[in-house]
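Taking it in order: structure first as structure tokens, then the write-up.
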Amino acid sequence: MAAELLGWYDRMARAMPWRVPPAERLRGARPDPYHVWLSEVMLQQTTVAAVKGYFERFVARWPRVSDLAAAPDAEVMAAWAGLGYYARARNLLRCARVVAQELDGRFPETEAALRALPGVGPYTAAAIAAIAFDRPATVLDGNVERVIARLRAVEEPLPGAKERLRALAAEITPRERPGDYAQAIMDLGATICTPRAPACGLCPWRADCAARALGIAAELPRKAAKAAKPTRLGIAYLALRPDGTVLVERRPEKGLLGGMLGLPGGAWGAEAVAAPPFAADWRDLGVEARHTFTHFHLRLRLMGARVPAVTPGDFRPRDGLAEAMPTVMRKALALGLGAMG
DNA sequence: TAAACGTGGAC
DNA sequence: TGTCCAAGTTT
């Protein structure tokens, strides 16, 4: 089983900035564990295409884990802005500081020790152990779940079937080349064994695939129905000083967009109600930023005011400001500035 | 166990 | 426009 997949990977492996190609690995080369960890955290629930640019910028700016550990929180959060799931960035910094300060700058090599690091769960621990250290760990991400569910025709829906899939995946994980194998099975899921319209004719496991034999490959894995997304309403306040600077606020560490920069505006809920940051000639800008999060839709009404040069507060230059904010706040800022001329 | 937690691309 | 979903983790 593993041999067929590894043979396919040797020919078809995708090139990625954090990856050592199979030909080089066969000559003994291994990727920098820092690069593996950084890429794996960025790739959590995030597409390869979205991650590439962020990965390149992070590694250019912070070449070693000790450099990242020494970076100010605000700079790392700004560099992460737009990538989403901001708890990852906060945990990334915590983890970098543990590795730099307590582990002499070296990542642990075992799954169990890796699992203890902030932001490193079962998947990421297995991925780092396999890819960076060639330990025979079984990675179980969305790709592997799909590949194994089809290969073994597991009809029980996710997430209930997860542990069964993990056990089945572990049976196939080889002792040889576990790092390449982990990347190979994920590449297979990403390029051949895709969620819709899998390219079974090109699959190195087509002869062994139970779902293909039953003609149900495209129907697996089955998944539990998802809850509908409610709509929440909110207000964002755009205060502009004569020098063009904009009032911003740092959001609390915990919760949605935790630790990120944004426009003031209070909590979002069934009604758009939020006190302005201070008394001013606020006017309704007549525009609304729309954004969809994981579990709700948001409609954010923009209020604007031109305020005196002496107005106190965290006012920032517009240049580069949007880039330091999460996407929903970029939308609100662009919309508000446009409406204020 | 289930909910919270972002974003952008594909269809 | 709406839904799915992508190299998941935390609480």
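As the structure is a prediction and not an experimental result, all values here were calculated from the model.
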> Counting side-chain heavy atoms from C-beta on, which of dG6(B), dA6(C), dT10(C) comes nearest to T47(A)?
Replying inline: dA6(C)
> Is there a side-chain polar atom (N or O) of T327(A) under 4.0 Å from OP1 or OP2 of dT7(B)?
Replying inline: yes
> For H291(A) and dT7(B), is the shortest distance between a side-chain N/O and OP1 or OP2 below 4.0 Å?
Replying inline: yes
> When you measure from the side chain of V328(A), which nucleotide among dG6(B), dT7(B), dA7(C) comes out closest?
Replying inline: dT7(B)
> Should the heavy atoms of other residues, nucleotides or ligands under 6.0 Å from CD of E24(A) be counted, would the total exceed 12?
Replying inline: yes
> Do F107(A) and W37(A) make the cut of ring centroids closer than 6.0 angstrom?
Replying inline: yes
> For dT10(C), does either OP1 or OP2 sit under 4.0 Å from a side-chain N or O belonging to Y85(A)?
Replying inline: no
>> In this structure, how many angstroms lie between the P atom of dA4(B) and the CZ atom of R90(A), rounded?
In response: 16 Å
> For T124(A), which contact category applies under a 4.0 Å heavy-atom criterion: base, sugar-phosphate, or nothing?
Replying inline: sugar-phosphate
>> Counting only side-chain nitrogens and oxygens, does R94(A) get under 4.0 Å of the OP1 or OP2 atom of dT10(C)?
In response: no
>> Return whichever of L117(A) or R19(A) has its heavy-atom-nearest nucleotide of DNA chain C closer to the 5' end.
In response: R19(A)
>> As a test of reading the structure: which of dC11(B), dT9(C), dA7(C) is closest to the side chain of Q44(A), going by heavy atoms?
In response: dT9(C)
> Taking atom P of dA7(C) as reference, at what distance in whole Å does atom CD1 of I192(A) sit?
Replying inline: 14 Å
> So, are E145(A) and K162(A) salt-bridged, with charged N and O less than 4.0 Å apart?
Replying inline: yes
> Should R146(A) be listed as having a side-chain N or O under 4.0 Å from OP1 or OP2 of dC5(C)?
Replying inline: no
> Side-chain N or O of T46(A) less than 4.0 angstrom from OP1 or OP2 on dG6(B)?
Replying inline: no
> Does R94(A) use its side chain to pair, donor to acceptor, with the backbone of R90(A) at less than 3.5 Å?
Replying inline: no
> Where the side chain of H295(A) is defined as all heavy atoms beyond and including C-beta, which of dA6(C), dT9(C), dC5(B) is the nearest nucleotide?
Replying inline: dC5(B)
>> Could you tell me how far dA7(C) sits from dA3(B) if I compare only their C1' atoms? Round to whole Å.
In response: 22 Å
> M329(A) near the nucleic acid: base, sugar-phosphate alone, or nothing, with a heavy-atom cut-off under 4.0 Å?
Replying inline: nothing
>> As a test of reading the structure: which of dC5(B), dC11(B), dA7(C) is closest to the side chain of Y123(A), going by heavy atoms?
In response: dA7(C)
>> Can you identify which nucleotide, out of dC5(C), dA7(C), dT10(C), has its nearest atom closest to the K226(A) side chain?
In response: dC5(C)
> So does R64(A) have more than 12 non-hydrogen atoms from other groups sitting under 6.0 Å from CZ?
Replying inline: no
> At under 4.0 Å between heavy atoms, what does P159(A) touch on the DNA or RNA strands: base, sugar-phosphate, or nothing?
Replying inline: nothing
